[in-house]
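Let me begin by presenting the structure, written as structure tokens, before commenting on it.
Side chains are part of it too, since the values below use all heavy atoms of this structure and drop only hydrogens, waters and symmetry mates.
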Amino acid sequence: MVEIELDGQKVEVLEGSTVMHAAEKAGTYIPHFCYHKKLSIAANCRMCLVDVEKIPKPMPACATPVTPGMIVHTKSDKAIQAQKSVMEFLLINHPLDCPICDQGGECQLQDLAVGYGGSESRYQEEKRVVFHKDVGPLISMQEMSRCIHCTRCVRFGQEVAGVMELGMSHRGEHAEIETFIGMSVDSELSGNMIDICPVGALTSKPFRYSARTWELSRRKSISPHDSTGANLIVQVKSNKVMRVVPLENEDVNECWIADRDRFSYEALNSDERLTSPMLKQGGEWKTVDWQTALEYVANGLKQIKAEHGADSIGTLASPHSTMEELSLAVSLMRGLGSENIDYRLRNAEFSPSSSVRWLGTSIASLSQLQSVLVVGSNLRKDHPLFAQRIRQSIRKGCALSAIDSIAELASADAWAMPIANTLLVAPDGWAQALSDVAAAIALEKGVSAPASGQATDAAKAISKSLLGAERKAILLGNAAAHHANASSLLALAHWIGTQTGATVGYLTEAANTVGAQLVGALPGAQGLHAGQMLEGKLKALILLNNEPEFDSAAGLKAEASLNATQMVVTLSPFKANMSFSDVLLPIAPFTETPGTFVNAEGRVQGFHAVVKPLGDTRPAWKVLRVLANLLGLPGFDFESSQDVLKQVQGVDMAQVPADKLGNELAGASEANIILSAAAGLIPAVASIYQLDGLVRRAPSLQLTADARQAASLEGAAA
């Protein structure tokens, strides 16, 4: 530790720290623009100049390392005058258009100009003009004349997103931030550049000119998309969601969110919202009141149960639904006497699990790994925030190994991070590839391998990477979870983890995949799984917040099967499944209902509604409760979502206990490893902007390069 004196206060910081770090520890604010705690030091704005004794000139606090006995003054006349001089230079070419700037009210330059700027400018010449750039549907670069060249956006792309999409061209007054050769900004984390821009140069294109920041109410929430459970601040005006930004949580999403977390709110205000219950009568949809719709559903379920038995009724539930919604859906099915409920819509294998399949480690630990093996995941697109964590580890020396298909791993550019070792095989060969790695480990340790395999050079390289590291993990991605041979993949990964000391876990697909397992949204011993229900084997089917055409492995085949089902009831925020549904019940999206998600690491995160339900929309837990009451089922007298949560044992807390998650993942028996799989098998995995109904209906997200590429591939396949 090094002790310095800062404004008369003794401060101890780690050796190698800077004056800025010492100031943060002491709670002293030093004005700055280019410095950001998550980015490398650039020291190019000079706003953080401070007075260091025995040094004649002011020094930048962000780039000046501490030395024993150093005496620093941040508020001396020398420091203040230096900071005011820098501010004068910054404002020379800055357009003073605060009244029309989208950043007005939350602009760092605007705030600091109040304290350090002059009342008038001595600069009389014409201000420079920088032409706007079109870099895609998410980020607006219409007013690049405001740019102060802090290069935060450039460094973010290189260091966090892993893609250098922006750079600085020319020098001096002619310097510009641009993409070069007319490229667009396509990173799945690009929206964070808007947050870290200290001026109004980079702004949100969908939010642009729609509201003033001081008009917005700010409310906390949780992302309903992937399994990170990113913490959000939802900004609201006139009962309408206007913008979503990150809420800092160092253990989960740090200060970043993915673009789908940030821009999916557009769907909340779309024309596709379902605002009233609807019944299909004579092939035509008619709007009805809630009492009519729910009585129709209740009477229909009673009749089908009387004629065909309770086992002819089932529920397909989305893993993007809340714990409360899933818990009541399970209770409703069990109350009717049916075991047919499942959340695993995209799975090809439905083996029973005795414990929860989760990440196997903490999210924060992904930033400190020394070796990681990823199986069956397009990591960057499936889990953007997990990917940036692993990218941090790689910058510190972590070795990334991957087993995936050739299509996904054509180059390291696809992951925006260097890959040390790769085994590129078709999905039907993943079990054999893992078996080869196991054989290499068995050879190295002198033990018996769990299955027949060859210790190829690539397999030896992966085994050496895992055996030679202290902090290591084996992560099974969405494609591995949905694989027809998923149990064998897990068993092999578990054996490798046991032999190498690596943690083993699933990245998990959705916001509440872990929660769905905790509440038991799985078929009973005699129940049908999702694949069977999607084949049309039921007389009545309830679809909770999902669209089988897009959200299941059956895809387009689901429509034909469900058309033959006697009654299909859809609970959705949108006008979905209209071709085969008989009833549409409008339920609230995550912004209009309280609820709870459990993320990949087992963290229980509750949230409140941030706006009132749109039209006659109702929270799904209330709809399910009233439906159960109409069916005469006992135990559904809940007054609040918290009452529902309390009935789920072990989740009414901040973190699910490790013993409930399972120290060893279910299905990890080496006795039943199968190396062969259906040739040509391609696991069902949603592309980044097709994951759920919200992102599919967000116009700006559907205009991105990722969405257009996915659409073209689907068109070619069709």
Side-chain angles (χ1 to χ4, degrees), residues 38 40 158-162 189 226-230 249-254 256 258 357-404 408-409 412 414-423 434 437-438 440-441 444 458-478 480-481 489-490 492-508 599-603 658 661 663-665:
K38 294 292 183 180
S40 62
Q158 288 178 290
E159 299 164 16
V160 180
L189 298 172
D226 65 33
S227 59
T228 308
N249 186 331
E250 197 63 27
D251 293 331
V252 180
N253 56 296
E254 299 177 89
W256 317 119
R357 299 184 176 185
W358 64 299
L359 188 61
T361 185
S362 68
I363 292 174
S365 70
L366 299 180
S367 303
Q368 305 298 328
L369 293 174
Q370 295 174 329
S371 179
V372 57
L373 170 60
V374 179
V375 182
S377 174
N378 184 0
L379 185 64
R380 176 185 169 191
K381 302 300 181 182
D382 292 345
H383 301 90
L385 294 173
F386 290 170
Q388 77 87 15
R389 288 258 189 195
I390 292 175
R391 197 173 290 118
Q392 290 179 41
S393 293
I394 292 174
R395 289 172 61 84
K396 301 171 189 172
C398 173
L400 169 62
S401 303
I403 297 176
D404 214 311
E408 296 292 355
L409 280 181
W415 282 30
M417 65 184 86
I419 303 174
N421 309 296
T422 59
L423 267 173
L434 273 175
V437 174
I441 292 170
E444 182 72 22
K460 288 180 180 178
I462 294 175
S463 67
K464 183 178 179 181
S465 173
L466 290 172
L467 288 167
E470 291 185 12
R471 299 185 299 274
K472 47 206 163 186
I474 300 170
L475 302 174
L476 301 171
N478 294 349
L489 295 179
L490 175 57
L492 286 162
H494 181 262
W495 186 92
I496 294 170
T498 301
Q499 295 297 322
T500 61
T503 62
V504 180
Y506 281 97
L507 294 166
T508 69
N599 70 358
E601 68 174 0
R603 184 181 296 264
L661 291 173
N663 293 320
E664 294 184 3
L665 295 184

Report the C-alpha separation of Val437 and Leu423 in whole Å, then their side-chain angles, then the decisive distance to 0.1 Å, and conclude whether the side chain to side chain contact (heavy atoms under 4.5 Å, CB included) test is met. CA-CA 10 Å; Val437 174; Leu423 267 173; 3.9 Å; yes

Just grab all the salt bridge (Lys or Arg N to Asp or Glu O under 4.0 Å) pairs involving residues 361-386, residues at least two apart or on different chains. Glu188-Arg380, Glu188-Lys381, Lys381-Asp706

Starting at CD of Gln388, measure out to CE of Met417 and round the result to the nearest 0.5 Å. 9.0 Å

Tell me the closest heavy-atom pair linking Ser463 and Ile441, and the distance in Å. CB-CG1, 3.3 Å

Would a 4.5 Å heavy-atom cut-off, applied to side chains only, mark Ile394 and Pro418 as touching? yes

Nearest 0.5 Å, what's the CG-OG distance between Leu466 and Ser401? 6.0 Å

Beyond-backbone contact of Leu475 with Leu366, side-chain heavy atoms, under 4.5 angstrom: yes

Is it the case that Ser227 and Thr508 place a side-chain donor and acceptor less than 3.5 Å from each other? yes

If you measure from CG on Asp404 to CG on Asn378, what distance do you get to the nearest 0.5 Å? 7.5 Å

List the atom of Ala493, the atom of Leu476, and the distance in Å for their closest heavy-atom pair. CB-CD2, 4.1 Å

Checking Asp251 against Ser362 for the side chain to side chain contact (heavy atoms under 4.5 Å, CB included) test, could you report, in this order, the C-alpha distance in whole Å, the side-chain angles of both residues, the deciding distance, and whether it holds? CA-CA 8 Å; Asp251 293 331; Ser362 68; over 6 Å; no

Do you know which two heavy atoms are closest between Ser393 and Gln368, and how far apart they sit? OG-N, 3.2 Å

Nearest-0.5 Å distance that lies between atom CG in Leu467 and atom CD1 in Ile462: 12.0 Å

Over all heavy atoms of both residues, which pair between Val160 and Arg391 is shortest? Give the atoms and the distance, please. O-NH1, 2.6 Å

Set out, in order, the CA-CA distance, both residues' side-chain angles and the distance that settles side chain to side chain contact (heavy atoms under 4.5 Å, CB included) for Ile363 and Leu385, then state yes or no. CA-CA 9 Å; Ile363 292 174; Leu385 294 173; over 6 Å; no

Would you call Val252 and Thr228 a side-chain contact if the rule is heavy atoms closer than 4.5 Å? yes

Measure across Ala461 and Asn421 and return the closest heavy-atom pair with its distance rounded to 0.1 Å. CB-OD1, 3.4 Å

N/O donor-acceptor pair under 3.5 Å between Thr503 side chain and Ala473 backbone: no

Where is the tightest heavy-atom contact between Asp226 and Pro384, given as atom of each residue plus distance? OD2-CD, 3.6 Å

Interatomic distance, CD1@Ile390 vs CH2@Trp415, rounded to 0.5 Å, equals 7.5 Å

Listed by chain and number, what are the side-chain contact (heavy atoms from CB on, under 4.5 Å) partners of Ser367, not counting sequence neighbours? Arg389, Gln392

Under the salt bridge (Lys or Arg N to Asp or Glu O under 4.0 Å) rule, what pairs show up with a residue in residues 463-476, not counting sequence neighbours? none

Residues that Glu444 engages under side-chain hydrogen bond (donor to acceptor under 3.5 Å, both in side chains), provided they are two or more places apart: none

ring-ring contact (aromatic ring centres under 6.0 Å, His included): pairs with one or both residues in residues 359-383, sequence neighbours excluded: His383-Phe386

Identify, with sequence neighbours excluded, every residue that meets side-chain contact (heavy atoms from CB on, under 4.5 Å) alongside Ala438. Pro450, Trp495, Ile496

Approximate separation, where rounding is to 0.5 Å, of Leu373 CG and Leu434 CG: 6.5 Å

